[in-house]
Structures are given as structure tokens and as C-alpha cells.
Amino acid sequence: MPATATTTGIPVSIRGLRKSFGGEPVLQGLDLDVKAGEIFALMGPSGSGKSVFLRHLIGLETPDAGEIRVGGELISAEGIGDRIRMAMVFQSGGLLNSLTVAENVGLYLSEHRLKSPAEIERIVLEKLAVVELGPEDAAKYPAELSGGMKKRVAIARALVIEPQLILFDEPTSELDPLVALTIGREILNLNASIGATTLLVTHDRDLAFGIADRIGFLLEGEIVALGTPEEIRVHPHPLLQRFLKAEFR
Amino acid sequence: MFRNLGELVLLFAATLRALPRVWQERRKVAEQLFDIGNASLFMACLLSLFIGGVLSLQVGPVLVERGLGSALGGLVALSMCKELAPVMMSVLIAGRIGSAMAAELGSMRVYQEIDALRTLNLNPIYFLVLPRVVAISIALPCLVIFSNLVGWLGGALVALHNDRIAVSWTAFFTDLQQQVEFGDIANGLIKSFVFAVTIGVVSCHQGLATIGGPRGIGRSVTKAVVNSFVLILIMDYVLTRLLLPFDNGWAI
């Protein structure tokens with residue numbers, strides 16, 4: 001799947017990324033380049049460090065060693081959030097439970113005072129429509145939403161930022177296959193429409209092979225396989241092959 | 001323990017640095033003030049009425065036996081405004097509001113809401129800590145003023161209606177007026193302001209430091225309340241000692 005021509009995405013470069021928790025290494029000298037506008041999926045078994053890796057990319061974790069550059073700038077640079085628009089869709093959605101759907105989606109604009117209340121309302125409804133949610137959902141609280149709807153609201157909230165880099169943490173976990181398919185299509189549509197560099201970590205083989213331009217396989221804190229979906233399918237790494245071919249029968 | 005203390009000091013410093021933004025966050029401060037008032041006003045009233053009453057009941061008969069019944073109003077009033085109202089209201093607020101703050105922030109931390117705020121380039125200190133600390137710092141001294149008035153009333157009611165005391169309303173309040181000076185009330189208000197900042201910072205710190213799911217939230221709430229109680233009582237002594245030289249104020 002080629003990166004879109006109208007890209008606003010930015011490249012991501014990771015060199016020698018290391019992180020340990022309580023002396024237990026989680027990421028062990030990870031190197032990776034993600035091209036501007038690309039959809040990159042990082043797969044791997046549970047506990048391989050996928051989510052920790054993603055949290056480093058948006059500055060929620062500080063690495064023990066190594067560097068992360070987003071759009072050429074170090075992620076630790078002062079005020080990078082003001083210069084580069086990044087968003088993350090959390091596994092749980094990460095919606096603020098005390099706020100309505102509309103308040104959650106418009107939070108970035110209202111707190112940074114970027115638009116008038118009327119404009120914010122218009123943008124919120126527009127972004128909710130992108131993820132197939134209607135005005136009737138805007139007044140609901142997160143507790144009233146299903147898992148799939150929460151993820152869609154989280155995507156709408158990320159869209160408001162008009163991100164250059166968007167990160168997804170297990171976007172289809174806990175969702176039935178039909179909702180997972182919808183979320184996958186939405187990620188594809190978003191990438192096509194806004195051209196943001198899209199990085200997702202997932203266990204979901206169908207999602208990764210269905211939408212990613214390239215796939216990496218993370219094992220014990222290291223990327224052991226990297227390539228296009230076709231290349232990954234025939235990669236000789238034994239654990240990767242077991243991971244890809246695991247079936248009940 | 002020292003790490004905890006260090007983090008507390010850092011959070012306090014960050015909250016102080018955020019103070020110039022308080023006007024921008026006024027809506028959140030107002031919401032918090034409303035929540036605090038709503039959750040504690042009735043309890044504060046009830047507690048203060050009985051504290052004043054029990055104080056009268058304990059010392060009234062002793063004073064009356066020695067022919068000092070007329071000094072009861074001043075004694076109850078000074079005890080209330082300098083010590084009991086600030087400490088008891090702080091304990092009430094730590095238990096009722098501080099625990100709720102720690103639970104709310106702890107839950108936000110566990111369910112990645114605080115991470116989500118950071119990814120939206122929103123500082124949790126501005127968004128969550130500042131409004132809570134400012135609101136509690138306004139609310140607690142107000143509750144103490146209220147507690148003083150209700151506590152005096154409770155003391156006077158018991159003094160009037162208890163057969164072993166039987167100090168008249170007029171005698172009670174005349175002595176109160178003669179004994180209580182503005183400095184005595186200010187003394188309690190200063191204490192309550194310091195206690196409020198402590199409760200706010202301790203509770204927010206425990207909430208933000210929550211790890212480990214729902215059990216972690218429970219642990220944070222317990223720590224927030226216990227640490228607040230301990231710090232309130234330690235600081236009560238320190239502040240009482242520091243404020244002693246300023247005891248002579250203006251008569252009301």
C-alpha cells in the first residue's frame with residue numbers, strides 16, 4: 001500500500017532505544033525508520049515491549065539510552081508538542097470519563113483556546129461524522145459507549161489535532177471482527193485523507209497484513225523481522241512463523 | 001519516604017509556578033469549589049455543632065463549680081477558632097475530599113486518561129492539580145469560619161440548656177466577644193490555609209503516582225488520607241508555635 005501523495009506526515013527515526021523496568025530489559029537497542037505518510041505495524045507476542053515502544057514515541061516514557069527523532073527533532077526537545085502535531089489512540093481509548101463525547105473530542109481546541117465555542121462544536125460534529133458517529137452521540141458520556149465507539153471517539157479526538165504522526169495502541173483489541181474491520185478501514189481512510197504517518201502496535205494479524213505498508217516483528221525488545229507484508233509472510237524467523245500460523249486446529 | 005517527600009515538594013513547586021494560570025482555569029476551580037461545598041457543608045455543620053457542644057459539656061461544669069461559668073464563652077470560642085475548627089475541618093476535608101481527589105486522579109492515571117492529556121499537549125498540573133489545590137485552599141478557610149460560628153452556637157446551646165452549666169446566652173456571648181480577637185480567628189484561618197494546601201498537594205500527588213490497577217487506587221486513597229492526617233497534626237504544632245508571638249490582635 002503506497003503512502004499518499006498529499007502527505008502531511010513526518011518521518012520517525014529511532015536509534016539504539018533501550019529501556020528497562022526494575023532491571024528487567026524491555027527494549028534492547030531498537031533501531032527503526034518509519035517513512036513520512038507510511039502505515040507501519042509493529043507486531044509481537046504479549047510482553048515483547050510493543051506498548052512501551054509506542055509510549056516512547058510520544059514522550060510518555062523516557063529512554064534509558066538511544067534517541068527518537070520525530071520530523072527530525074528529538075522527542076525530548078523543549079516544546080516539541082507545539083511544533084509537531086502528534087496524537088495517540090490508547091488501547092482503552094483514554095477518554096476522560098468526566099467529560100461528554102463532544103467535550104472529549106473538542107478538548108484540545110477548547111483547552112488551547114484555538115477556536116471559538118461555535119467553531120469547536122462544528123469541528124467536533126465533523127470529526128465524529130468521519131468516524132461514523134452522529135450528533136446524538138455527542139452528549140453521551142464514555143461510560144455509555146461500547147468498546148468500539150470509545151475507540152472511534154478516541155480517533156475523532158486524535159483527528160481534531162490534524163496530526164502529522166498518529167499512534168495506535170492495539171486498535172482492535174476487545175472488538176468483534178466486524179467492528180475491528182471498521183476500525184481498520186477508518187485507519188486506512190485517515191491515512192489516505194490526512195496523510196499522517198501512522199504507527200500501530202497490534203496482535204491482530206489480519207489488521208497488520210490488511211492495512212500496513214510495512215510490518216516489524218518485535219521479540220524480547222528487538223525487531224527481528226522487518227519488511228512489507230509479503231516479505232514478512234515468508235520471513236524465516238521460526239517464532240514469527242509460529243506467530244503467523246498459530247491456529248486452534 | 002524521602003522520595004515521596006521530594007516528589008511532594010516538586011509537585012508543590014510546580015503548582016506554585018502554575019498559579020499565574022489560575023484565572024484561565026477559573027471554571028474548573030469553581031466546579032471544584034461547588035463539589036467541595038456540596039460534599040462537606042452539611043457534615044461540617046453537624047461536626048462543628050457537636051464539637052462546640054461537647055466542649056461546653058466537658059469544661060462547663062468544672063468552670064461553674066469554681067465560679068468561673070462566665071468564662072465559658074471565651075474558652076469555647078478560643079478553642080474552636082484557634083484549634084478545633086481548623087484541625088477538625090481539615091481532617092474532615094482530608095477524609096472526604098482528599099480521598100475523592102486521590103481516587104479520581106488515581107483512576108485517571110490507571111485508565112490512561114492522564115497519558116491522553118499529555119498526548120494532547122495538556123499539562124496535568126494545569127488541568128488537574130491547580131484547580132483542585134486552589135479550590136481546596138479557598139474552601140477550607142471558608143468552612144472554618146462557618147465551623148467557628150456553628151461551634152460557638154453549639155457551645156452556647158449546651159451551656160444554656162444543661163442543668164449543671166446553665167450559663168445564659170448573653171453571658172456566653174458577652175465573654176466570647178471580650179475574649180476573642182481578630183488575631184485568634186486569623187490564626188485558625190492561616191492554619192487551615194496551610195492544611196488545605198497540604199491536603200490538596202498530598203492527595204493529588206498520591207493520585208498521580210498511582211500504579212497497579214484498582215488495588216493501586218485503593219492504596220493511593222489510603223496513603224493520601226493517612227499522610228494528610230499525619231502532616232496536618234505535625235504542622236499544627238509547628239504553626240501553633242510559630243503563630244504564638246502574633247497572638248495579640250484586635251478585639252472584635
Side-chain angles (χ1 to χ4, degrees), chain A residues 21-22 51-52 54-62 70 75 78-99 103-114 117 142-143 150-151 153-155 157-163 165-170, chain B residues 3 7 10 14 17-18 20-32 34-36 38-39 97 100-132 135 204 207-214 216-217:
Chain A
F21 290 109
S51 295
V52 172
L54 210 60
R55 290 171 62 82
H56 276 89
L57 291 192
I58 201 155
L60 291 174
E61 298 285 351
T62 311
V70 176
I75 193 70
E78 188 70 33
I80 189 168
D82 300 326
R83 294 187 295 277
I84 294 177
R85 298 185 307 277
M86 297 179 278
M88 180 163 169
V89 177
F90 290 86
Q91 190 171 352
S92 62
L95 302 178
L96 272 70
N97 283 312
S98 55
L99 304 182
E103 287 166 339
N104 263 291
V105 175
L107 191 63
Y108 177 79
L109 298 176
S110 58
E111 284 301 316
H112 291 291
R113 293 163 203 274
L114 298 173
K150 279 183 191 168
K151 290 224 165 113
V153 174
I155 293 173
R157 184 173 67 183
L159 281 181
V160 165
I161 300 173
E162 296 178 351
L165 170 65
I166 184 162
L167 311 174
F168 290 89
D169 188 5
E170 301 285 2
Chain B
R3 188 182 164 180
E7 285 174 358
L10 286 177
R17 279 199 304 274
R21 274 185 66 105
V22 75
W23 182 247
Q24 260 176 275
E25 306 294 343
R26 62 190 181 280
R27 220 188 73 189
K28 292 193 201 84
V29 174
E31 282 168 9
Q32 290 293 325
F34 180 78
D35 284 349
I36 295 171
N38 208 20
I97 305 299
M101 278 183 187
E104 190 183 3
L105 298 195
S107 154
M108 289 181 78
R109 166 101 174 141
V110 166
Y111 297 108
Q112 297 182 309
E113 292 179 37
I114 290 173
D115 287 341
L117 284 177
R118 289 201 175 110
T119 64
L120 294 171
N121 206 16
L122 296 174
N123 187 339
I125 304 284
Y126 299 158
F127 194 82
L128 300 169
V129 178
L130 180 70
R132 282 166 174 77
C204 289
L208 292 176
T210 302
I211 44 166
I217 299 172

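Only a predicted model underlies this, so the values are computations on that prediction, with no experimental measurement involved. In what follows, every chain begins at residue 1, and chains take the letters A, B, ... in the order their sequences are listed.
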Take atom CZ in F21(A); do more than 12 heavy atoms of anything else shown fall under 6.0 Å from it? yes
Taking CD1 in I211(B) as the centre, count heavy atoms belonging to other residues, nucleotides or ligands within less than 6.0 Å. Is the count above 12? no
Name the region of L60(A), side chain, backbone, both or neither, that has any atom closer than 4.5 Å to a heavy atom of chain B. side chain
Toward chain B, the part of L167(A) with a non-hydrogen atom under 4.5 Å: neither
Would you mind reporting whether [Y] and [X] have side-chain heavy atoms less than 4.5 Å apart?
| X | Y | result |
| --- | --- | --- |
| R55(A) | D115(B) | yes |
| T119(B) | I161(A) | no |
| L120(B) | H112(A) | no |

Under a 4.5 Å heavy-atom cut-off, does chain A meet the side chain of F127(B), its backbone, both or neither? side chain
Taking side chain as everything from C-beta outward and backbone as N, CA, C, O, which of these in I114(B) sits under 4.5 Å from a heavy atom of chain A? Side chain, backbone, both or neither. neither
Straight-line distance of [X] [atom1] to [Y] [atom2], nearest 0.5 Å:
| X | Y | atom1 | atom2 | value |
| --- | --- | --- | --- | --- |
| N121(B) | R85(A) | CG | CZ | 12.0 Å |
| L95(A) | Q112(B) | CG | CD | 11.0 Å |
| S98(A) | E31(B) | OG | CD | 8.5 Å |
| N104(A) | E113(B) | CG | CD | 8.0 Å |

Please rank N97(A), V160(A), L96(A) by heavy-atom pairs under 4.5 Å with chain B and give me the top one. L96(A)
Under 3.5 Å, side chain of R157(A) to main-chain N/O of A116(B), donor-acceptor pair present? no
If every non-hydrogen atom of E111(A) is compared with every non-hydrogen atom of E25(B), which pair is closest and at what distance? OE1-OE1, 4.2 Å
